[in-house]
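Numbers restart at 1 for each chain; the letters A, B, ... are given by sequence-line order, proteins then strands.
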2 protein chains.
Amino acid sequence: MATIDDVAKLAGVSKGTVSSVFSKKRPISQPVTDRVLSVAKELGYFPNHIARSLAIKKTMIVGLKMPISKAGNLSQFEIQMLNGVIKECTKHGYRILLDTLPEHDDLTQFSSDPVDGVIMLNPRKHDQRIERYEQMRIPLVLVGRPDPLDSSISYVDNDNEQLAYEVGNYLLTQGHRSILFLNASSDMTVSVDRVNGLKRAFDVQGTPFHNAKVMNFDRKHHATPTEYGYISMMQSHQKIPFTAVVADTDRVALGILRATRELGMEVPRDLSIVALSNDVRLAEEMTPKLTSVELSAEMLGAEAGRILIQKMIDPQTVEQCIVDAQLIYRESCRTL
Amino acid sequence: MATIDDVAKLAGVSKGTVSSVFSKKRPISQPVTDRVLSVAKELGYFPNHIARSLAIKKTMIVGLKMPISKAGNLSQFEIQMLNGVIKECTKHGYRILLDTLPEHDDLTQFSSDPVDGVIMLNPRKHDQRIERYEQMRIPLVLVGRPDPLDSSISYVDNDNEQLAYEVGNYLLTQGHRSILFLNASSDMTVSVDRVNGLKRAFDVQGTPFHNAKVMNFDRKHHATPTEYGYISMMQSHQKIPFTAVVADTDRVALGILRATRELGMEVPRDLSIVALSNDVRLAEEMTPKLTSVELSAEMLGAEAGRILIQKMIDPQTVEQCIVDAQLIYRESCRTL
DNA sequence: CTGAAAGCGCTTACAG
DNA sequence: CTGAAAGCGCTTACAG
């Protein structure tokens, strides 16, 4: 397509002048402006965003690192969190580079993207990527806390330890003593926090923590979260005498529910279920309605966006933001 | 951050060599490779995607033009369609530049984005943007047909004329003679197609088309689709004696439903409703369950992605793809 | 296998 | 108000 050179030549002016007509960064006389614009139109010229970005070192794009699960569709958590990010970014004129590609181990493949800042979901333990962004001087905000904790890294998160504590406490108070915990995958920091919270509940109530059986999602063994719930339930119900299960997400709970039906069990009569990530509509549609935790994903996304924008203005900015979450009591638990 | 020059200098090689080590486009001896890599690591060097894109004229990014409604959240249609695009793009290693920014009329503000191709939602009549992409030689696929039709433009769409015909025919067959049609905004091509389809139904059944009252969504008057439905219903029910209403989307239907409740009307006893865009879960949750059209948004997105990828390989590609949609009969209509 | 140099399409001090 | 030239950080023929 036509370049700034073509326009400059045909209009009989310098590139700098053409540049200024479009960027309005320095005043150009009306006659010249008109001539340039008309030539540009004739040639079908539009400034090249990439070349411009390279020169000014700014893209007005925010990167969103959100590797997609194998099944492919965005989870309700991801959608809501995306909604929050979009709102905040749109408000400030930023667009979003949605990066759903799987992570590459090969350092060689890692490049600095055409973005002014990055929001990264689900940081892992000792996540290499964090320091890479630091080296590249690209402002970064995590959704989920860094592990180990680091007061120089900005992030938004729920208080997962506390949440798991509340859930554990709720179930223990109801009289449950043996609990199956279908946790997220073991390399996620949230998994650690949850186990700690659950353990604290057991400690406080004076119940030995070995009465809790913790499992982890593993994409090698489970194609989908629902399958994770289903398979784990089918495999565990004989071996361990648990009366309650804490599920990573409502999708996992869906799988558990399916398993209980096949096993002739009834919820909550024979088994109590709590899910940690809440898709309100799903939770309310399930039979029985699912007791679950509302993570306020949209708020997480919006706060991440807000902090990132702050940080792109002033790179010194560090903010760690805990978003309120809430256990919502519905119908899937009962007192023993 | 460190550039290719820094690495080259410190490693005592040329930039071309460093480039080759990372791109693997030409073989570099093991010792040199090792030296370069170790220096790169020491310096925290990562190739700059923007500079690279400028040189090779390729970004591996697909643009998705999807201006966000004022309310802010993605509609169910948009989410599903995004899911389809994501799946297809991820499969081929593309990322997505999600552009939710409102359109700018100022030609001067239009630039060629850092993308290899573009998927554009909701093309308008004589949409200027289409020829701009053509001038920029950026492969383009529309979601929604171009207006006027143009056999050189690739797009995916439902057969909206036929769909509206089926809906009209259904209602007329049920005995409805006066119908309120809360259409999409008038500058969208889909609006035209729907009116034509509805008219055809009236013609076939021998009912004069002036018995259909067509209104259009207008963001100046309606803050949200739901409000559009609510207000239109409140304003029209006295003036026109319609027995059925065709709503642009299920959100609009939600507003209508709210209005009927306030007016002491009952659906479908006093009013039949059909919605043209279907969010399955919303439709099934409504009381009564909403008769609506399933547009297969995910399929639209996936097909758009597929065609675009095809087109980025071979720019000559032109494909126009009609995705099946289906009228799903639930509880919101009745025979008079 | 490696280097020197031109080029990708912009912007921006500097000079006038 | 406008121009000439260097620079942004890469890639890629061309030459050896």
Spacing between B/I56 atom CD1 and C/dA6 atom P, to the nearest angstrom: 22 Å
Interatomic distance at C1', C/dT12 relative to C/dG16, whole Å: 16 Å
Atom-pair distance (CZ on B/R52; C1' on C/dG9), nearest Å: 18 Å
A/T3 side chain near C/dG9 phosphate (N/O to OP1/OP2, under 4.0 Å): no
Distance test, side-chain N/O of B/K25 to OP1/OP2 of D/dT12, below 4.0 Å: yes
Any A/K15 side-chain N or O less than 4.0 Å from OP1/OP2 of D/dT2: no
C/dC14 to C/dC10 separation - P atoms, rounded to the nearest Å: 24 Å
Given D/dC10, C/dC10, D/dA4, the nucleotide with the shortest approach to the side chain of A/S14: D/dA4
Position toward the 5' end of DNA chain C (nearest nucleotide), A/R26 or A/N48: A/N48
Spacing between A/K58 atom NZ and C/dT12 atom P, to the nearest angstrom: 12 Å
A/S29 side-chain N/O to D/dT2 phosphate OP1/OP2 under 4.0 Å: yes
Crowding at CE, A/M299 (>12 non-hydrogen neighbours, <6.0 Å): no
Between P of C/dA4 and NZ of B/K9, the distance in whole Å: 12 Å
Rounded interatomic separation in angstrom, taking NZ from A/K57 and C1' from D/dC8: 5 Å
Ring center gap for B/F22 and B/Y45 short of 6.0 angstrom: yes
Sugar-phosphate only, base, or nothing, as touched by B/F46 at under 4.0 Å among non-hydrogen atoms: sugar-phosphate
Short side-chain donor-acceptor distance under 3.5 Å, B/T17 and B/S14: yes
Distance, rounded to the nearest Å, where B/R35 contributes CZ and C/dC1 contributes C1': 13 Å
Whole-Å gap separating C1' (D/dA5) and CD1 (A/I4): 14 Å
Donor-acceptor pair between B/Q30 and B/D34 side chains, under 3.5 angstrom: yes
Complementary nucleotide of C/dA15, counting Watson-Crick and G-U pairs under 3.5 Å: D/dT2
Pair A/K65 + A/D99: basic N to acidic O under 4.0 Å: yes
Length of the line joining A/Y45:OH and C/dG9:C1', which is rounded to integer Å: 8 Å
Short side-chain N/O contact to C/dT2 OP1/OP2 from B/T17, under 4.0 Å: no
